[in-house]
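In the text below, chain A, chain B and the rest are named by the order of the sequence lines, each starting its count at 1. For the numbers below, each heavy atom of this structure counts, side chains included, while hydrogens, waters and symmetry mates do not.
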There are 2 protein chains.
Amino acid sequence: MRIALLQMSAVPGDVAANLARIAEAAANAARRGAELLIAPELATIGYGAGDGLRDLAEPRDGAQVAGLAAIAAASGLAIIAGFPEQDGAAVYNSALFTDGHAAPVVYRKSHLYGDYERSYFAPGDPVATLAEWRGLKLGMLICYDVEFPENVRRLAVAGADFVAVPTALPVSPEAAFIAKRMIPVRAFENQIFVAYANHTGRDDHFAYAGISHVVAPDGGTLAMASVTEARVIIADIRPGDYLRSRDANAYLRDLRLS
Amino acid sequence: MRIALLQMSAVPGDVAANLARIAEAAANAARRGAELLIAPELATIGYGAGDGLRDLAEPRDGAQVAGLAAIAAASGLAIIAGFPEQDGAAVYNSALFTDGHAAPVVYRKSHLYGDYERSYFAPGDPVATLAEWRGLKLGMLICYDVEFPENVRRLAVAGADFVAVPTALPVSPEAAFIAKRMIPVRAFENQIFVAYANHTGRDDHFAYAGISHVVAPDGGTLAMASVTEARVIIADIRPGDYLRSRDANAYLRDLRLS
């Protein structure tokens with residue numbers, strides 16, 4: 001399966017502008033043969049939207065989710081993207097999978113990072129959220145979640161072939177280590193694919209580290225964006241190419257917890 | 001605390017020769033100010049000893065453990081090293097911590113790799129085995145154990161500042177990835193030090209990948225040997241130098257399992 005990642009420079013608080021960028025990326029990805037587009041964390045609103053993260057949050061039957069589903073239906077590919085989800089009094093930092101037709105599969109970020117996120121969002125439960133698409137099982141995590149090996153393992157044990165990670169990794173002393181070194185190890189230690197879709201550019205709150213990429217089960221990089229470019233990158237997910245690696249590094253088979 | 005790692009070319013089945021090499025390394029390390037020496041997996045016997053792994057296995061009160069304790073007492077530093085441990089009918093792939101005086105702390109490898117190991121050894125239980133030394137808490141794992149994030153996490157949650165990993169990583173397509181990329185992530189994701197002490201050279205069964213090294217909590221390399229050199233490398237373990245990294249990457253504080 002061919003997938004596309006949108007490394008995005010979002011407009012904080014402007015849902016229409018962000019949906020337009022996602023729609024443009026979906027059309028670009030579809031032309032290049034992709035069957036799935038992954039956009040970053042809180043892509044519809046911009047990670048740096050500040051109070052907008054709370055004030056513009058919507059339920060699953062709201063306009064942001066409907067807009068993403070409409071883009072999926074129009075472009076003929078599935079979409080994974082982050083959005084701020086209202087549920088009663090609580091707001092979650094969520095991501096959805098939509099094929100444009102079936103009810104979306106929604107994952108709520110379980111590991112919130114820092115005071116900024118914790119001031120707006122409630123954490124979701126740490127659960128394995130999977131969607132099936134074109135014969136592959138896709139798991140979802142959001143940003144800081146993937147830095148905890150337990151969260152990726154939970155998805156791999158549940159049968160994920162592939163983990164999609166909408167993220168908003170800011171520029172920091174450890175950003176390159178997390179993106180370029182930790183993400184490949186998450187793929188290798190579970191013998192799965194990992195796609196890490198980040199923002200780029202800056203807003204009033206953060207500068208983003210880019211380096212969106214796709215890693216194979218052997219830890220190899222299949223595609224990678226630079227720190228600064230806002231663009232769509234493409235990779236092919238072919239689990240059958242990594243049977244030797246899976247056999248030589250049989251972590252899921254050999255793991256003993258007691 | 002200053003530590004030393006012996007990247008070793010062991011003589012399969014020749015305990016006296018291997019103890020002599022460890023004694024020489026301990027004297028070298030002590031002259032350079034080290035307070036702890038870490039030797040590889042099954043250092044007393046050679047990982048490639050074949051049936052010797054079973055036939056020369058000894059209990060904790062046997063000559064191999066006594067020899068290592070005597071080297072520690074004579075050189076004035078503590079030693080961590082692997083040895084084949086007999087316990088009734090079972091043989092374990094074990095490592096000990098000895099300061100030369102107190103009873104040794106022994107860890108039994110919980111995750112055996114491949115048919116070679118499984119034909120000689122029983123697995124130990126996956127438990128956190130810690131020793132205290134000069135104000136630091138040291139955890140022990142052996143080779144394949146460290147490739148499972150659960151095993152390192154267990155030690156970190158139990159308070160380890162530092163994990164010592166006697167290993168026998170053979171040359172393979174993934175050896176460099178495991179040593180140079182996975183080990184630094186194990187340190188970073190727990191904000192602890194990791195020391196990975198490997199064999200080098202070859203014997204009748206395996207060629208070894210070397211690359212023994214010490215990694216800091218921020219994922220940085222403090223010391224590293226080449227693939228081929230049999231020698232002692234030195235690094236200083238100073239947890240106080242990494243307080244910023246620990247605060248910015250507070251994985252142990254932020255982890256949520258339910």
Which bit of B/I178 is near chain A, if near means a heavy-atom gap under 4.5 Å: side chain, backbone, both or neither? side chain
Note, A/P184 side chain near B/F177 side chain (heavy atom, < 4.5 Å): yes
With sequence neighbours left out, what residues match A/A176 under side-chain contact (heavy atoms from CB on, under 4.5 Å)? none
Pairs table: donor-acceptor atoms between chain B and chain A closer than 3.5 Å:
residue	atom	partner	partner atom	Å
B/S110	O	A/R256	NH1	2.6
B/H111	NE2	A/R256	N	2.9
B/H111	NE2	A/R256	O	3.4
B/Y113	OH	A/A248	O	2.8
B/R118	NH2	A/D254	OD1	3.4
B/R118	NH2	A/D254	OD2	3.3
B/G124	O	A/R256	NH1	2.9
B/Y144	OH	A/D254	OD2	2.7
B/E147	OE1	A/Y251	OH	2.5
B/E150	OE1	A/R153	NH2	2.9
B/E150	OE2	A/R153	NE	2.6
B/E150	OE2	A/R153	NH2	3.4
B/R153	NE	A/E150	OE2	2.6
B/R153	NH2	A/E150	OE1	2.9
B/R153	NH2	A/E150	OE2	3.4
B/E174	OE1	A/R244	NH2	2.8
B/E174	OE1	A/N249	ND2	2.8
B/K180	O	A/R181	NH2	2.7
B/R181	NH2	A/K180	O	2.7
B/R186	NH1	A/E189	OE1	2.9
B/R186	NH2	A/E189	OE1	2.7
B/E189	OE1	A/R186	NH1	2.9
B/E189	OE1	A/R186	NH2	2.7
B/R244	NH2	A/E174	OE1	2.8
B/A248	O	A/Y113	OH	2.8
B/N249	ND2	A/E174	OE1	2.8
B/Y251	OH	A/E147	OE1	2.4
B/D254	OD1	A/R118	NH2	3.4
B/D254	OD2	A/R118	NH2	3.4
B/D254	OD2	A/Y144	OH	2.7
B/R256	N	A/H111	NE2	2.9
B/R256	O	A/H111	NE2	3.4
B/R256	NH1	A/S110	O	2.6
B/R256	NH1	A/G124	O	2.9

